[in-house]
Colleague: 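Have a look at the structure that comes next, please.
Just so it is clear, the structure is predicted and the values come from calculations on it, not from any experiment. When a residue number appears, it is its place in the shown sequence, counting from 1.
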Amino acid sequence: MAARRAGGVGGMTLSRSGEDFGRHAPSYYAATAPAGPDAPALEGSERADVCIVGGGFAGLGAALALARAGKAVRLVEAGPLGWGASGRNGGQVHMGWNQDQPWLERKLGLAKARALWDVALAAREHLDGLLALDPDACDFRAGHVHADHRARFVAGSHAHAAHMHEVYGYQDLRAVGREEMRALVDSPDYHGGIIDARGGHLHPLKLAQGIARAAAAAGAALHGGSPCTAIKRSGAGWRVETAGGTVEAGAVLVATGGYATGLLPRIDAHVLPINNFIAVTAPLGAERAVQLIAGGRSVSDSRFVVRYFRMTPDHRLLFGGGESYGWRFPKDIGSFVRPHLERTFPQLAGTPFDYAWGGTLAITPDRLPHCQEVQPGLWSLNGFSGVGVVLGPYLGAAVGEMLAGKAGAAFAALRVLPGPRFPGGPALRWPTMVAALGFLGLRDRF
């Protein structure tokens, strides 16, 4: 995802966390994905109907939709395509939004909540189409487990499953008790929960690359290694400036997630970057993998700082745990993640890690995506808050269709989301939210 605040000899080479834009994070995904599509750096002056800043799920989804609509579209990305959170996240496929349907009903009313659920269903179907772009369907495996780490949470999870059955007719959720949960996930940490048959997990970098290839085949011009340095008015349109060139465009979409603090100051009030971390074990073998997580499903738990994990096709445990709110990653990410993994799976104590990496995602105050027209023709779509694998490409496409003059139901639903600001104003927003998030994280321990 493109970024502005960076530094380095000869141009912008480092992200806010000190990472190199010139290469992917040292992740399991980067080690197991094929070479990405050709995306030469932007050089010289170009023109487009729409310029997209950010080469993650949302930006690539928009580029694909615009190109298929016959629009001239150019996308600029600071690193390789899929460099940011889109190419390095947990790969979990979640149904719905980061807030559940009863929460949406209370905040927005039943009619709008139903419309948002329809968007979620359409986004999941859209993902199936994107998986078909990759020869091995991005390593997709079906089935997701929500695991409650407190016994008192189980009744609420089961009530949620019943509500989805009765009010929305969604029958793919199934309540799970303590005994079955222990058979599904060989951890003493969980007391029950839910299985969602429409959830699952995949290889996110392969997904980003598949969308990029389809966008390029449809006529989109994609540029990696092109950090955006500024966006300025230019006549009736906009000029996007990068380290090596410029794009004059009638409209601009900024879809940079947590990697462009300061590029659009008005958006900073609504979107906050946080860091999350993943480690992947050495291969455990097929038999042990099935013992740890039955059925090849993905798992995420009920903690405020969520622990999420799954098995890879080569029988490694991919485990996400812990987050930070500063400007730098821990020096030893494996050591940072290890305590979380070993509390969940004590039997894996001392298991070596072959990969460990971090990434920066964007959250919003209500954990719902934020879409805003900052100025006429200048749009922002950010803040997927950890559920961007399904929603990111689809909502990016919805904004792309709107920019092509074909706004649909998904874009209309996106525009009804509340979009609150973080408290504290420009000076206090960051320390206020860090203190609040730290306090909420402490609740996981009690």
Side-chain angles (χ1 to χ4, degrees), residues 56-66 68-69 86 89 92-132 144 146 160-161 163-173 196-200 202 204 207 211 253 255 257 270-271 361-373 379-420:
F57 290 146
L60 290 169
L64 176 57
L66 282 158
R68 285 177 170 173
S86 293
N89 63 77
Q92 300 215 346
V93 173
H94 294 276
M95 281 298 301
W97 306 78
N98 201 311
Q99 300 289 0
D100 63 22
Q101 290 304 121
W103 187 96
L104 294 170
E105 291 166 19
R106 292 192 299 271
K107 295 293 184 180
L108 302 176
L110 182 59
K112 290 179 179 178
R114 282 186 179 277
L116 288 171
W117 179 247
D118 289 342
V119 170
L121 291 174
R124 181 62 186 83
E125 292 179 6
H126 181 255
L127 177 64
D128 284 338
L130 297 178
L131 295 178
H144 177 75
H146 167 82
H160 171 70
H163 183 79
M164 294 303 295
H165 293 169
E166 296 164 6
V167 177
Y168 293 88
Y170 184 64
Q171 303 300 318
D172 287 313
L173 285 183
D196 189 341
R198 286 289 281 155
L202 51 74
L207 177 61
I211 303 170
L253 171 62
H270 300 272
V271 177
L361 66 150
I363 64 170
T364 62
D366 57 8
R367 302 303 190 269
L368 298 172
H370 180 73
C371 180
Q372 180 178 346
E373 188 174 21
W379 287 84
S380 171
L381 176 62
N382 285 296
F384 289 95
S385 302
V387 293
V389 171
V390 179
L391 292 176
Y394 184 69
L395 295 180
V399 176
E401 289 167 357
M402 177 276 298
L403 292 172
K406 301 177 182 179
F411 179 75
L414 185 60
R415 296 294 283 159
V416 308
L417 298 178

Colleague: Let me see the working for I363 and N98 under side chain to side chain contact (heavy atoms under 4.5 Å, CB included), right down to the final yes or no.
Modeller: CA-CA 10 Å; I363 64 170; N98 201 311; over 6 Å; no
Colleague: What are the two closest heavy atoms between G257 and A362, and how far apart are they?
Modeller: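 Closest heavy-atom pair between G257 and A362: C-CB, 3.5 Å.
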Colleague: Please tell me if the side chains of L202 and V93 come closer than 4.5 Å, counting only heavy atoms from C-beta onward.
Modeller: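 Answer yes - side chains close enough.
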Colleague: Please report the shortest heavy-atom distance between Q92 and H144, naming the atom on each side.
Modeller: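 Smallest heavy-atom distance, with atoms named: OE1-CE1, 3.0 Å.
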Colleague: Do the side chains of V389 and F384 get nearer than 4.5 Å, heavy atoms only?
Modeller: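 F384 vs V389: side chains apart.
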Colleague: Identify the two heavy atoms, one from C371 and one from V399, that lie closest to each other, and give their separation to 0.1 Å.
Modeller: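 C371 and V399 have their closest heavy atoms at SG-CG2, 4.2 Å.
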Colleague: Which atoms form the tightest heavy-atom contact between A410 and A398, and what is the distance?
Modeller: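 Reported closest heavy-atom pair: CB-CB, 3.8 Å.
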Colleague: Find the distance between CG (L130) and CZ (F57) and round it off to the nearest 0.5 Å.
Modeller: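 Separation between the atoms: 9.5 Å.
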Colleague: Pairs of donor and acceptor atoms involving the side chains of residues 120-128, under 3.5 Å and at least two apart or interchain, shall be tabulated with distances.
Modeller:
unit_1 : atom_1 : unit_2 : atom_2 : d
R124   : NE     : R198   : O      : 2.8
R124   : NH1    : D128   : OD1    : 2.7
R124   : NH2    : R198   : O      : 3.4

Colleague: Which pairs count as salt bridge (charged side-chain N to carboxylate O under 4.0 Å, His left out) when at least one residue sits in residues 401-418, sequence neighbours excluded?
Modeller: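 Of all non-adjacent pairs touching residues 401-418, none passes salt bridge (charged side-chain N to carboxylate O under 4.0 Å, His left out).
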Colleague: I'd like to check the side-chain contact (heavy atoms from CB on, under 4.5 Å) partners of H163; sequence neighbours left out, ordered by chain and number.
Modeller: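 Checked H163 against side-chain contact (heavy atoms from CB on, under 4.5 Å); matches are P102, E105, V167, Y168.
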Colleague: Going through the distances and angles, do L417 and L414 end up as a side chain to side chain contact (heavy atoms under 4.5 Å, CB included)?
Modeller: CA-CA 6 Å; L417 298 178; L414 185 60; 3.8 Å; yes
Colleague: Does D366 have any side-chain contact (heavy atoms from CB on, under 4.5 Å) partners at least two apart in sequence or in another chain, and if so, which?
Modeller: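 Residues passing side-chain contact (heavy atoms from CB on, under 4.5 Å) with D366: W103, T364, L368, P418, P420.
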Colleague: Please name all residues satisfying ring pair (Phe, Tyr, Trp, His ring centres under 6.0 Å) with H146, sequence neighbours left out, ordered by chain then number.
Modeller: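 In terms of ring pair (Phe, Tyr, Trp, His ring centres under 6.0 Å), with neighbours along the sequence ignored, H146 is linked to no residue.
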Colleague: Can a donor-acceptor pair be found, under 3.5 Å and without considering hydrogens, that links the side chain of S380 to the backbone of Q372?
Modeller: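 Side chain of S380 to backbone of Q372, a donor-acceptor pair under 3.5 Å: no, none is there.
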Colleague: So which heavy atom on A255 is nearest to which on A58, and how close?
Modeller: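 The pair with the smallest heavy-atom distance is CB-CB, 4.0 Å.
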Colleague: So, using side chain to side chain donor-acceptor pair (under 3.5 Å) as the criterion, who are the partners of D196 when residues are at least two apart?
Modeller: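 D196 satisfies side chain to side chain donor-acceptor pair (under 3.5 Å) with Y170 only.
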Colleague: Determine the sole option in D172, D100, L173 for which the side-chain contact (heavy atoms from CB on, under 4.5 Å) test with M164 is passed.
Modeller: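 Result: among D172, D100, L173, L173 is the only option passing the side-chain contact (heavy atoms from CB on, under 4.5 Å) with M164.
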Colleague: Compute the ring centroids of W379 and F411, then answer whether they are less than 6.0 Å apart.
Modeller: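 Yes, ring centres under 6.0 Å apart.
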Colleague: Of all heavy-atom pairs between L361 and G386, which one has the smallest distance, and what is that distance?
Modeller: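 Taking every non-hydrogen atom into account, CD1-N, 3.7 Å.
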Colleague: So do P393 and I211 actually touch side chain to side chain, heavy atoms under 4.5 Å?
Modeller: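 I211 vs P393: side chains touch.
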Colleague: Show, in sequence, the C-alpha distance, side-chain angles and deciding distance for L391 and W97, and conclude whether the side chain to side chain contact (heavy atoms under 4.5 Å, CB included) test is met.
Modeller: CA-CA 8 Å; L391 292 176; W97 306 78; 3.6 Å; yes
Colleague: How far does NE2 of H370 sit from NE2 of H270, to the nearest 0.5 angstrom?
Modeller: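 Rounded to the nearest 0.5 Å, the NE2-NE2 separation comes out at 4.0 Å.
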